[in-house]
Asks: 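This is the structure, below, for whatever I ask next.
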Amino acid sequence: MSHEDTIPLHHSSQSDIDEIENLFIAGPHSATVLPARPPSPTRVSIPVSHSSPPLPPYQKVTPSSSPPPVVPAVPAAPSGSSRVGVAADAFGSSPDTLTEPVWDTVKRDLTRIVSNLKLVVFPNPFREDPGRALRDWDLWGPFFFIIFLGLTLSWSASVKKSEVFAVAFAILAAGAVILTLNVLLLGGHIIFFQSLSLLGYCLFPLDVGALICMLIGNAIVRIVVVSITLAWSSWAAYPFMSAAVNPRRKALALYPVFLMYISVGFFIIAID
Amino acid sequence: MEEGYTSLPTSHLLGSVPAVVAEGKISSTVGQASTGNLQPFPPYDGGYNAPGSPISAQQTTTNWQGIFSISSYTQYFNVDSDVVIDRMISSIYPMNGFDRKIDGNPDLYGPVWISATLIFMLAALGNVGTYLKQKGVDPSTTWIFDVSYINWAACIIFGYALAVPAAFYFLLHYFGHSASLIRLWCMWGYSLFVFLPTCLLLVVPMAVFQWIITILSGAVSSWFVTLNLKAYAQASDMMVLLVSAMVLQFALALFIKIFFFA
């Protein structure tokens, strides 16, 4: 790249030296080399639960060091928000997971499911770009939600319980795959398993609705509850599905999603 | 992800200059200077083709391994929202030149999702219609949701939309006509669209009204199919095929009425 191509950092650019000096001033605060931490084999850290705020683009953690150095918090970062698991697990090798207790493994997966659930179906600042938010996707959450919805439906069914479970499971599992393929076929940019994960997490409101409907027998209450949870699920899936495709094809990508959610919602109401 | 590698924190070390790669990124974050020469990668609508535009050669399948690639099927889903709506409308008004509209760009989006919607409506509204009809006869009937309606609807609708065009494709080839399988699938799929409003109307528990609706929808659908098959059937021996297509569409309409809204 020649010198003419470079863009001056400030419009009042004096010289190259000043420019580099300005870079230092505006540069990252983690200038000093961090002291190497002694490895602590007994205490296993859970990578997801580090609530490190998203870093500026030129301040990433280097992927080589193991154990990863503790990232110093950027001073201006707001604390207390639900920014869990965004930039934490993407870099750095995780500590030894072979020798940890099983409970730690289970707990880490559960923590990840909860944090992903927060990122997808609850309001948070990452909703504008959910593909970025759910970088640390998993398929455990969708699996549990699909199984739970199928079980709830088959419990509340009066006849043909096993067939109800089979149909619900097939619709939900195959539906997620088909909806993702639909977006890909429409020329959208989407990561296959990430999309499966997101669609599965979007079922959580319908899970809640199905649970409430199983306990309450009144038909009007059921319709109201399912309508609310249906709107919630659609709201959760909307930004991600519509951002993946060209704006002129937004309706084509969204319609099948709504069709699946409406059919599941009808299922919940109709099965008594 | 890609910004993590080009922007490693090297610029804070004493005496080092920022890497060339990161220059545009740093200057855009620090100074918000003009970003005219920065190109997003990949291009924003890389997989998007305007519906009328010809498909680039790299997307079409050249060898048998292409059948496993999704990108070799995107040419059949190369439609916009307004195009699909336009095609659905012209499938109800058969005079609207549906044949010309799918020329060069037959899509499979419409057939797939029209069939899926029809399956859902048959399963859901079929239960409702059956319940309402039994309620009229016997007021003490309780609501029972029959799940097997979903299986039946899925098998029949997807089977019909897949098998009948394929059979006509082979028959047309057997009689020496060149036909496109995708076009036939597309046309038959859109011919099912008229059954969506039919399902809504069939819920009304009045036998005479239901039969009128059934015959009307069967007539519209079979007329649509006949009109689009006529291009292939210039010779007289094709009349058998035309009539059989009409009969099949009518049979589907009758089946929907008798089986799902009994």
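Any value given below was found using the heavy atoms of this structure, including those in side chains, with hydrogens, waters and symmetry copies removed. Lettering of chains follows the sequences in order, A, B, ..., and the numbering in each one begins at 1.
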Asks: Measuring from A/I262:CD1 to A/S234:OG, what's the distance to the nearest 0.5 Å?
Replies: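 The CD1 atom of A/I262 sits 7.0 Å away from the OG atom of A/S234.
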Asks: Between B/N78 and B/N105, is there a side-chain donor-acceptor contact under 3.5 Å, judged purely by atom types and distance?
Replies: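 Note: B/N105 and B/N78 side chains miss the donor-acceptor criterion.
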Asks: Any side-chain heavy atom of B/D80 within less than 4.5 Å of one from B/V84?
Replies: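 Not in contact.
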Asks: Aromatic rings B/F255 and B/F259: how do their planes relate, parallel, tilted or perpendicular, breaks at 30° and 60°?
Replies: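 Rings of B/F255 and B/F259: parallel, as their planes differ by under 30°.
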Asks: Hey, what do you get for CZ (B/F77) to CG (B/L108), rounding to the nearest 0.5 Å?
Replies: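 Going from the CZ atom of B/F77 to the CG atom of B/L108 covers 5.0 Å.
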Asks: Walk me through it: do A/Y255 and A/N182 pass the test side-chain hydrogen bond (donor to acceptor under 3.5 Å, both in side chains)?
Replies: CA-CA 11 Å; A/Y255 169 69; A/N182 181 47; over 6 Å; no
Asks: Can you say whether A/L259 sits under 4.5 Å from chain B via the side chain, the backbone, both, or neither, judging by heavy atoms?
Replies: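 Side chain of A/L259 only, per the 4.5 Å heavy-atom cut-off to chain B.
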Asks: In terms of heavy-atom pairs under 4.5 Å with chain B, which of A/A157, A/A251, A/P256 leads?
Replies: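 So the answer, after comparing A/A157, A/A251, A/P256, is A/P256.
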Asks: Please output the residues of residues 125-138 of chain B in contact with chain A, using a heavy-atom cutoff of under 4.5 Å, in numerical order.
Replies: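 Residues in range: B/V128.
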Asks: Could you go step by step and tell me if A/C213 and A/I269 meet the side-chain contact (heavy atoms from CB on, under 4.5 Å) rule?
Replies: CA-CA 7 Å; A/C213 284; A/I269 295 177; 5.7 Å; no
Asks: With no hydrogens and no angle check, is any side-chain donor or acceptor of B/S221 less than 3.5 Å from a backbone partner on B/S217?
Replies: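 Checked: no pair found.
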Asks: Okay, side chain of B/R87, backbone of B/Y190: is any donor-acceptor separation there less than 3.5 Å?
Replies: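 No, B/R87 side chain to B/Y190 backbone: no donor-acceptor pair under 3.5 Å.
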Asks: For chain A, which residues from residues 142-158 of chain B have at least one heavy atom closer than 4.5 Å to it?
Replies: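 Against chain A, the residues of residues 142-158 of chain B that fall inside the cut-off (heavy atoms, under 4.5 Å) are B/W143, B/I144, B/F145, B/D146, B/V147, B/S148, B/I150, B/N151.
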Asks: Would you check, one step at a time, whether the test side-chain contact (heavy atoms from CB on, under 4.5 Å) holds for A/I146 with A/L149?
Replies: CA-CA 5 Å; A/I146 289 177; A/L149 194 50; 5.9 Å; no
